[in-house]
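Remarks on the structure that follows.
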Amino acid sequence: MSKEVAIAGVGMHPWGKWGRNFVEYGVKAARDALKDAGLEWKDVDFVVGGDTMRNGYPGYVAGSTFAEALGFKGTQIASVYGACATGAQAIDAARARILAGLAEVVLVVGADAAPKGFFAPQKGDRPEDRDWQRFRLVGMTNPNYFGLYARRRMALYGATSEDFAAVKVKNARHGLHNPYARYRKEVTAEEIAASPLVADPLRLLDICATSDGGAAVILTSIEFAEKRGLKVPRIAAINAATPTYPNPILDMPYIATDSWAVVQPDARGFKPSIAYGAYEEAGIGPEDLDLAEVYDLSTALELDWYEQIGLCGEGEAEAFLRSGATTFGGKIPVNPSGGLACFGEAVPAQAIAQVCELAWQIRGVAEGRQVEGAKVGLSINQGLFGHGSAIIVKG
Amino acid sequence: MSKEVAIAGVGMHPWGKWGRNFVEYGVKAARDALKDAGLEWKDVDFVVGGDTMRNGYPGYVAGSTFAEALGFKGTQIASVYGACATGAQAIDAARARILAGLAEVVLVVGADAAPKGFFAPQKGDRPEDRDWQRFRLVGMTNPNYFGLYARRRMALYGATSEDFAAVKVKNARHGLHNPYARYRKEVTAEEIAASPLVADPLRLLDICATSDGGAAVILTSIEFAEKRGLKVPRIAAINAATPTYPNPILDMPYIATDSWAVVQPDARGFKPSIAYGAYEEAGIGPEDLDLAEVYDLSTALELDWYEQIGLCGEGEAEAFLRSGATTFGGKIPVNPSGGLACFGEAVPAQAIAQVCELAWQIRGVAEGRQVEGAKVGLSINQGLFGHGSAIIVKG
Amino acid sequence: MFYFTAVSKKVIPAIEGFFTMDPEAPRLLGTQCKACQTYFFPPERGYCRNPECDSEELETVELSHEGTLWSYSHNGYKPPPPYVSPTEEFEPFAVAAVELEREKMVVMGMVPKPYTHEDLKVGQRMQLVLDPLYETDEERVMVWKWRPVEGGGSK
Amino acid sequence: MFYFTAVSKKVIPAIEGFFTMDPEAPRLLGTQCKACQTYFFPPERGYCRNPECDSEELETVELSHEGTLWSYSHNGYKPPPPYVSPTEEFEPFAVAAVELEREKMVVMGMVPKPYTHEDLKVGQRMQLVLDPLYETDEERVMVWKWRPVEGGGSK
Ligand SMILES: [Zn+2]
Ligand SMILES: [Zn+2]
């Protein structure tokens with residue numbers, strides 16, 4: 001049995017700081033995706049919503065909320081959450097129901113209206129919640145974790161702030177013509193160096209903002225797509241797995257790693273395992289990719305991903321970037337959409353937006369940012385609290 | 001292709017007010033379910049967590065939280081939420097992945113540590129959130145909705161407070177010997193009548209409490225169960241559908257119904273459609289049931305369910321109850337577990353706990369509360385914000 | 001019924017756009033889809049929720065100010081926030097679900113004092129009034145409520 | 001280093017059971033699984049998180065009070081609550097991730113004043129100290145921090 005499903009349509013609401021209800025963004029994205037697929041709301045037999053945790057109860061039950069806004073019609077629904085991996089879990093739930101023969105046409109939607117500034121934990125005194133512990137006891141914001149990884153790269157591989165800035169310069173250029181991107185403006189290394197130091201060694205322009213935005217995909221069975229004559233990309237793999245104990249890397253939101261005194265850590269490590277789990281499912285390797293959308297929560301993190309998804313060897317990311325390999329015309333353009341650098345993060349929408357970009361690229365319609373001959377793409381990210389998220393899309 | 005999956009094992013943490021972390025309850029339930037199935041944690045290849053929304057970030061990502069507590073091992077995970085339908089959505093996600101051939105052994109866990117008193121909405125000023133609107137503008141608590149339905153029953157069918165009390169008396173008796181129930185004590189009609197009026201016409205003892213608790217099930221493919229020689233109940237249907245527009249019933253948390261001035265409402269109505277959707281999938285009818293676990297958030301609501309799941313005609317529930325049909329030895333015992341009357345509600349665990357009870361009953365091991373010859377059972381509930389939840393289990 | 005007597009407090013609605021502030025003849029504000037004509041309350045502003053209709057043109061309309069009591073209940077205990085009690089010591093209050101004939105929908109509202117749940121009966125006529133939800137030192141915060149039609153109630 | 005000089009304030013830990021309050025030689029408190037011997041910090045009390053082990057017997061143990069700087073960062077802006085700033089005007093502070101040799105784990109902590117991120121270098125030796133997290137009128141709330149080993153740092 002084929003484990004593939006068809007991406008019949010994709011849609012987005014532009015990222016920005018619009019100050020409206022997240023539901024509007026999701027509905028716009030959903031309607032665009034339906035239109036893109038040539039399908040109607042009445043054709044949908046399963047809705048999966050990616051939850052947002054900062055928009056009250058409607059955000060907790062996003063599947064129902066979006067279904068209601070589009071018009072309740074007795075559809076099966078699900079609402080899922082996995083931090084930054086929310087979109088991958090949502091797409092995975094959709095795929096499973098299609099492959100199980102329980103649904104033919106599935107709508108997956110994620111949208112967020114984000115607050116200004118740092119993501120903060122739920123209010124209240126909860127000493128047992130690691131998200132409480134890290135803020136209260138160590139003052140660890142998300143950018144602090146990105147700072148740790150960046151300093152580690154500098155110490156181990158001699159990376160410099162100029163290397164990090166070069167990622168931003170590249171991504172800003174990539175996103176210049178993306179109609180869904182929030183920031184569409186070139187950025188210079190000097191501007192980055194002049195921006196305030198937020199989390200040493202990272203500056204404001206090294207770190208992604210929080211945005212409002214929405215994204216949706218319509219997935220169908222391969223048979224349904226063929227019957228309709230849709231020539232569309234397919235999802236070849238999804239990996240939404242946890243780490244393996246012990247995890248020797250200090251991931252968000254922990255204040256300590258597991259101990260590897262007794263149990264040997266997995267040789268691969270968590271972040272590489274996210275990509276390689278997907279490669280194994282799709283039966284391909286990193287050398288087969290034409291493009292990748294990776295989570296550049298910080299500039300330095302994009303460099304980590306190059307190595308973790310196997311585009312280059314350990315410690316080689318800076319040289320790989322400088323060679324032009326990861327921009328248009330290079331060996332494998334990374335974040336042709338402009339990435340989080342141009343979008344800012346809208347948590348439950350982001351991993352879905354990555355898949356939208358892969359679909360547009362593979363269909364050859366990514367105007368102003370098209371990767372020539374794109375046939376196979378990977379989207380990847382990691383969510384806090386042990387969430388892997390990788391999706392492989394094939395033409 | 002069969003759409004059934006096997007319930008290889010079930011487990012619970014007793015309901016109560018234990019004041020501990022919800023994770024403990026979930027882990028205990030999960031380990032009991034694994035033991036019940038004769039399987040080990042390493043056999044599990046997918047974990048679905050039912051989220052709890054009042055226990056900080058770990059509650060938002062329950063799948064990851066439970067997987068971590070049991071020991072991260074690179075398992076695929078999902079975390080789902082659908083109010084009182086959370087358990088049904090979680091079991092549905094598990095079933096889909098098994099039927100898709102993407103998993104063989106799935107652990108589904110839900111657990112909650114509940115606050116005292118009324119469920120309250122998330123803090124903050126959110127005039128667009130219906131959950132905010134109902135509390136701020138109308139002061140509508142959950143029991144108010146139950147009160148509306150109860151008064152309606154009284155007006156339409158002549159139901160009395162004594163009828164409502166008789167449900168509690170029955171369920172209290174049912175749960176007397178259930179080791180997982182929080183309340184194991186007979187309750188008299190006099191005690192109910194003497195308890196304070198909370199939401200006219202309902203008194204404190206008509207309304208279910210909020211509890212701590214945890215429940216888990218291990219689902220496997222039918223092939224896997226047969227290969228292991230497991231003679232276990234099967235899930236024959238799951239319905240987690242939304243209402244159909246327009247919904248003319250004032251469901252939680254809305255402050256107004258849809259309008260049926262222009263569009264004709266579905267003839268069946270939402271709550272009956274939850275059960276009938278499941279009947280259709282399983283190819284059975286209410287007459288085939290040997291028992292049912294229904295959500296008795298209030299005593300009067302249990303009477304509504306009798307009619308809504310087709311056990312008796314409209315307006316006949318009071319007589320049906322009085323005839324003894326819904327207790328042991330009757331035509332179809334309802335809530336042999338003791339129901340929410342004896343458990344109190346632990347939201348993400350409750351629909352899973354219903355399935356645990358069906359499995360024990362069908363295996364014939366429900367000591368002190370066994371329904372003779374139980375072969376087919378239905379569990380049902382409705383979650384706020386448009387969540388249906390029905391599961392049919394067959395021997 | 002509540003009248004605006006000599007007060008220096010600012011009188012404001014508890015929520016914007018849900019009702020008019022005419023003290024004598026307040027009206028609920030719903031929306032009506034220009035394409036399919038269906039009604040919404042609370043006023044839906046983004047998109048029509050009729051699944052057969054994808055219109056986004058919704059017009060504000062006044063809803064019927066009388067209807068039939070579909071059902072009712074009361075709060076014997078103080079609801080949690082964002083409910084705000086108008087009195088220091090909580091006083092139980094009734095809530096009413098009223099069916100509007102023209103719009104064919106049921107709309108909830110509190111029931112103003114001195115009416116209690118004991119004054120209500122399913123099927124009776126109810127009318128819309130404006131009444132304080134709570135007051136602060138500077139403001140009187142108003143909301144719609146449902147009270148028995150004069151002569152139709154028991155008080 | 002912070003010393004308890006003459007203060008009338010009550011000195012309390014920022015969280016119970018994570019560290020000892022000995023001002024001279026504070027220790028982090030972890031747990032160790034009696035079955036498989038693995039360590040946990042924060043102290044896991046419910047169940048061993050080694051997937052090969054289902055023990056629930058976890059013993060409190062003191063962790064190493066010295067280690068090697070795995071990496072570090074700093075906060076140029078005030079973190080959101082539940083972080084509490086010790087000063088009215090926020091002052092940037094460094095955070096350190098320190099690898100413990102015996103337990104083979106990395107543990108985070110703030111870096112006490114006067115050290116800043118500019119004093120830190122990956123690979124250097126760090127030691128555990130007790131330092132105020134913040135103070136109220138009645139209490140001095142203490143937490144563990146990591147500071148460069150004397151002679152090994154630049155201050
Ligand atoms: Zn319309
Ligand atoms: Zn162990």
Side-chain angles (χ1 to χ4, degrees), chain A residues 1 3 21 23 47 51 53 55-58 60-61 63-65 67-68 71-83 89 92-93 95-102 121-124 126 128-132 239-245 247 253 258 266 273 277 383-387, chain B residues 1 3 21 23 47 51 53 55-58 60-61 63-65 67-68 71-83 89 92-93 95-102 121-124 126 128-132 239-245 247 253 258 266 273 277 383-387:
Chain A
M1 188 171 82
K3 295 283 192 266
N21 193 298
V23 188
V47 178
D51 290 344
M53 293 304 171
N55 289 280
Y57 217 108
Y60 297 163
V61 291
S64 176
T65 297
E68 192 205 7
F72 272 152
K73 56 185 191 67
T75 318
Q76 299 291 324
I77 55 169
S79 299
V80 308
Y81 188 71
Q89 280 192 12
D92 189 51
R95 176 181 69 159
R97 216 162 208 280
I98 291 168
L99 294 178
L102 294 165
Q122 211 185 12
K123 288 193 171 37
R126 294 186 315 286
E128 284 184 326
D129 181 348
R130 292 201 181 86
D131 210 31
W132 182 94
N239 189 18
T242 73
T244 296
Y245 181 91
N247 181 354
D258 294 331
D266 177 61
S273 79
L384 81 177
F385 276 101
H387 286 98
Chain B
M1 188 172 84
K3 294 282 193 266
N21 193 298
V23 188
V47 178
D51 290 344
M53 292 304 173
N55 289 281
Y57 217 108
Y60 297 163
V61 292
S64 175
T65 297
E68 193 205 5
F72 271 153
K73 57 186 190 69
T75 318
Q76 299 291 324
I77 54 169
S79 299
V80 308
Y81 188 70
Q89 280 192 12
D92 190 50
R95 175 181 69 159
R97 216 160 208 281
I98 291 168
L99 295 178
L102 293 165
Q122 209 185 13
K123 290 194 171 36
R126 293 185 316 285
E128 286 184 326
D129 180 349
R130 293 200 179 87
D131 208 34
W132 182 93
N239 189 18
T242 73
T244 296
Y245 182 91
N247 181 355
D258 295 330
D266 176 63
S273 79
L384 80 177
F385 276 100
H387 286 98

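Each chain gets a letter, A, B and so on, in the order its sequence line appears, and its residues count up from 1.
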Choice from G63(B), A240(B), G71(B) maximising heavy atom contacts with chain A below 4.5 Å: A240(B)

Winner by heavy-atom pair count (cut-off under 4.5 Å) against chain A, out of P243(B), G124(B), A67(B), G386(B): P243(B)

Under 4.5 Å from any heavy atom of chain A - which part of [X]:
X       : answer
A78(B)  : both
L384(B) : side chain
N239(B) : both
D51(B)  : side chain

Partner chain B: residue of T65(A), V80(A), T75(A) with the largest heavy-atom pair count (under 4.5 Å): T75(A)

Which of I98(A), T244(A), T242(A), D266(A) touches chain B most, by non-hydrogen pairs under 4.5 Å: T242(A)

Approximate separation, where rounding is to 0.5 Å, of Y60(A) OH and D129(B) CG: 9.0 Å

Gap between atom CD of E68(A) and atom CG of D258(B) - 0.5 Å precision: 7.0 Å

With only heavy atoms counted, which part of [X] is less than 4.5 Å from chain B, the side chain, the backbone, both or neither?
X       : answer
D131(A) : side chain
A93(A)  : neither
S79(A)  : both

Side chain to side chain contact (heavy atoms under 4.5 Å, CB included) evaluation trace for R97(B) with D92(A): CA-CA 9 Å; R97(B) 216 160 208 281; D92(A) 189 51; 3.1 Å; yes

Parallel, tilted or perpendicular: rings of Y81(B) and Y57(A) (30°, 60°): tilted

Contact summary for [X] and [Y], nearest pair of heavy atoms:
X       : Y       : result
G74(A)  : A241(B) : O-CB, 3.4 Å
A100(A) : A96(B)  : CB-O, 3.5 Å
V61(A)  : G82(B)  : CG1-CA, 4.2 Å

Heavy-atom side-chain contact between H387(A) and I77(B) under 4.5 Å: yes

Close side-chain approach of L102(A) to K3(B), heavy-atom, < 4.5 Å: yes

Full working for side chain to side chain contact (heavy atoms under 4.5 Å, CB included) between Q89(A) and Q76(B): CA-CA 9 Å; Q89(A) 280 192 12; Q76(B) 299 291 324; over 6 Å; no

